[in-house]
Chemist: 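Structure provided below as structure tokens; questions to follow.
Here, residue 1 is the first one in the sequence, and each next residue gets the next number.
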Amino acid sequence: MPCELRRFRAFERQLHTIFKIFPNSQKHIENNISKLSKKPRNGDRYPGFGELEIRKLRIPLKAYNIGKSKGLRIITIYVPEKNIIAPLVIYKKGNHGSEKDVKSLIMSTIKEVKEELP
């Protein structure tokens with residue numbers, strides 16, 4: 001049974017910015033997001049979040065000749081007890097500084113959507 005896919009305003013704002021930069025990849029990005037409900041454990045587990053199941057999915061931007069290693073990152077949270085998956089953060093590799101900066105962004109997004117999480 002597929003997971004419930006939840007999308008939060010914080011993620012939608014980031015996604016809107018990505019679509020402005022990469023308009024030719026909008027359909028490809030949306031397809032990858034919609035696939036999350038069928039494969040919630042897709043991607044690598046992101047370390048440093050304890051029991052929270054935070055994952056990083058790498059997405060190439062073929063329309064712009066950008067491969068997975070330099071493409072987009074979608075950070076998700078999976079709540080298996082509630083069968084819910086939610087994308088938290090989307091960014092282009094190299095545009096967010098260090099891993100520490102990315103981790104801070106993830107933490108602030110989790111705090112922002114905490115009330116909306118089950």
Side-chain angles (χ1 to χ4, degrees):
M1 180 172 127
C3 282
E4 177 187 345
L5 178 64
R6 291 205 183 159
R7 289 169 66 154
F8 301 114
R9 286 184 299 271
F11 178 78
E12 293 297 328
R13 286 191 306 267
Q14 295 168 9
L15 188 61
H16 182 72
T17 301
I18 293 292
F19 288 161
K20 282 183 178 179
I21 300 167
F22 302 106
N24 296 337
S25 291
Q26 186 169 349
K27 189 174 181 180
H28 176 67
I29 295 166
E30 285 290 355
N31 285 340
N32 277 279
I33 293 168
S34 65
K35 288 178 188 175
L36 290 172
S37 65
K38 293 178 183 155
K39 293 185 177 184
R41 287 198 162 109
N42 204 6
D44 298 325
R45 187 110 187 226
Y46 207 101
F49 288 95
E51 293 183 23
L52 289 177
E53 196 162 330
I54 306 294
R55 294 190 169 270
K56 175 170 54 176
L57 185 65
R58 294 167 177 87
I59 298 177
L61 297 167
K62 295 176 184 177
Y64 297 90
N65 292 324
I66 299 173
K68 272 187 178 183
S69 65
K70 295 186 180 179
L72 297 179
R73 303 293 185 261
I74 296 180
I75 308 298
T76 63
I77 185 167
Y78 175 49
V79 185
E81 319 69 70
K82 304 282 186 177
N83 201 34
I84 293 172
I85 181 90
L88 295 173
V89 174
I90 186 168
Y91 65 96
K92 164 102 174 41
K93 170 75 177 192
N95 287 2
H96 262 298
S98 69
E99 278 298 308
K100 184 179 176 182
D101 296 333
V102 173
K103 210 173 223 180
S104 293
L105 178 62
I106 295 167
M107 288 302 295
S108 66
T109 304
I110 289 172
K111 287 177 185 173
E112 186 177 333
V113 302
K114 195 174 186 178
E115 292 79 37
E116 299 177 66
L117 282 171

Chemist: Would you call Ile106 and Ile77 a side-chain contact if the rule is heavy atoms closer than 4.5 Å?
Modeler: no
Chemist: Checking side-chain contact (heavy atoms from CB on, under 4.5 Å) against Glu81, which of Ile84, Val79, Asn83 comes through?
Modeler: Val79
Chemist: Considering non-hydrogen atoms only, spot the tightest contact between Arg45 and Gly50 and give its length.
Modeler: NH2-O, 3.7 Å
Chemist: Do the non-hydrogen side-chain atoms of Gln14 and Thr109 ever get within less than 4.5 Å of each other?
Modeler: yes
Chemist: Among residues at least two apart in sequence or on other chains, which ones pass ring-ring contact (aromatic ring centres under 6.0 Å, His included) with Tyr64?
Modeler: Phe22
Chemist: Does some side-chain heavy atom of Ile90 sit less than 4.5 Å from a side-chain heavy atom of Ile59?
Modeler: no
Chemist: Does a side-chain heavy-atom distance below 4.5 Å link Leu15 with Glu30?
Modeler: yes
Chemist: Check whether any side-chain heavy atom of Phe19 sits under 4.5 Å from a side-chain heavy atom of Asn24, and report yes or no.
Modeler: no
Chemist: In terms of hydrophobic clustering (I, L, V, M, F, W, Y; side-chain heavy atoms under 4.5 Å; direct or indirect links), are Leu52 and Val102 co-clustered?
Modeler: yes
Chemist: Of all residues at least two apart in sequence or in a different chain, which pass the side-chain hydrogen bond (donor to acceptor under 3.5 Å, both in side chains) check with Arg55?
Modeler: Glu53
Chemist: Suppose the criterion is ring-ring contact (aromatic ring centres under 6.0 Å, His included): which pairs have a residue in residues 30-55, not counting sequence neighbours?
Modeler: Tyr46-Phe49
Chemist: Grouping I, L, V, M, F, W and Y whenever their side-chain heavy atoms are under 4.5 Å apart, do Phe11 and Leu105 come out in a common cluster?
Modeler: no
Chemist: Kindly compute the distance separating CD1 (Ile85) from SG (Cys3), expressed to the nearest 0.5 Å.
Modeler: 6.5 Å
Chemist: Given 3.5 Å as the limit, does a donor-acceptor pair link the side chain of Lys70 with the main chain of Lys92, or not?
Modeler: no
Chemist: Roughly how far, to the nearest 0.5 Å, is NZ of Lys82 from CZ of Arg6?
Modeler: 9.0 Å
Chemist: Mind checking the NZ-CD1 spacing from Lys103 to Ile54? Nearest 0.5 Å is all I need.
Modeler: 11.0 Å
Chemist: Go through the structure and list residues passing side-chain hydrogen bond (donor to acceptor under 3.5 Å, both in side chains) with Asp44, not counting sequence neighbours.
Modeler: Arg58
Chemist: Hey, any chance Leu36 and Phe8 share a hydrophobic cluster, counting ILVMFWY side chains that come within less than 4.5 Å of each other, even indirectly?
Modeler: no
Chemist: Can you tell me how far apart CD1 (Ile33) and CG (Leu57) are? Round to the nearest 0.5 Å.
Modeler: 9.5 Å
Chemist: Grab the two heavy atoms, one from Ser34 and one from Leu5, that are nearest each other, plus how far apart they are.
Modeler: CA-CD2, 4.2 Å
Chemist: How many angstroms lie between OG in Ser108 and NZ in Lys111, if you round to the nearest 0.5 Å?
Modeler: 8.0 Å
Chemist: Can you pull out every salt bridge (charged side-chain N to carboxylate O under 4.0 Å, His left out) where at least one residue sits in residues 11-22? Sequence neighbours excluded, please.
Modeler: Arg7-Glu12, Arg13-Glu112
Chemist: Is the number of heavy atoms from other residues, nucleotides or ligands under 6.0 Å of Lys93 NZ greater than 12?
Modeler: no
Chemist: If you compare all heavy atoms of Pro40 against all heavy atoms of Ser37, which two are closest, and at what distance to 0.1 Å?
Modeler: CD-O, 4.0 Å
Chemist: For Tyr91, enumerate each residue passing the ring-ring contact (aromatic ring centres under 6.0 Å, His included) test, keeping only those at least two apart in sequence or located in another chain.
Modeler: His96
Chemist: Is the shortest side-chain heavy-atom distance between Asn32 and Leu72 below 4.5 Å?
Modeler: no
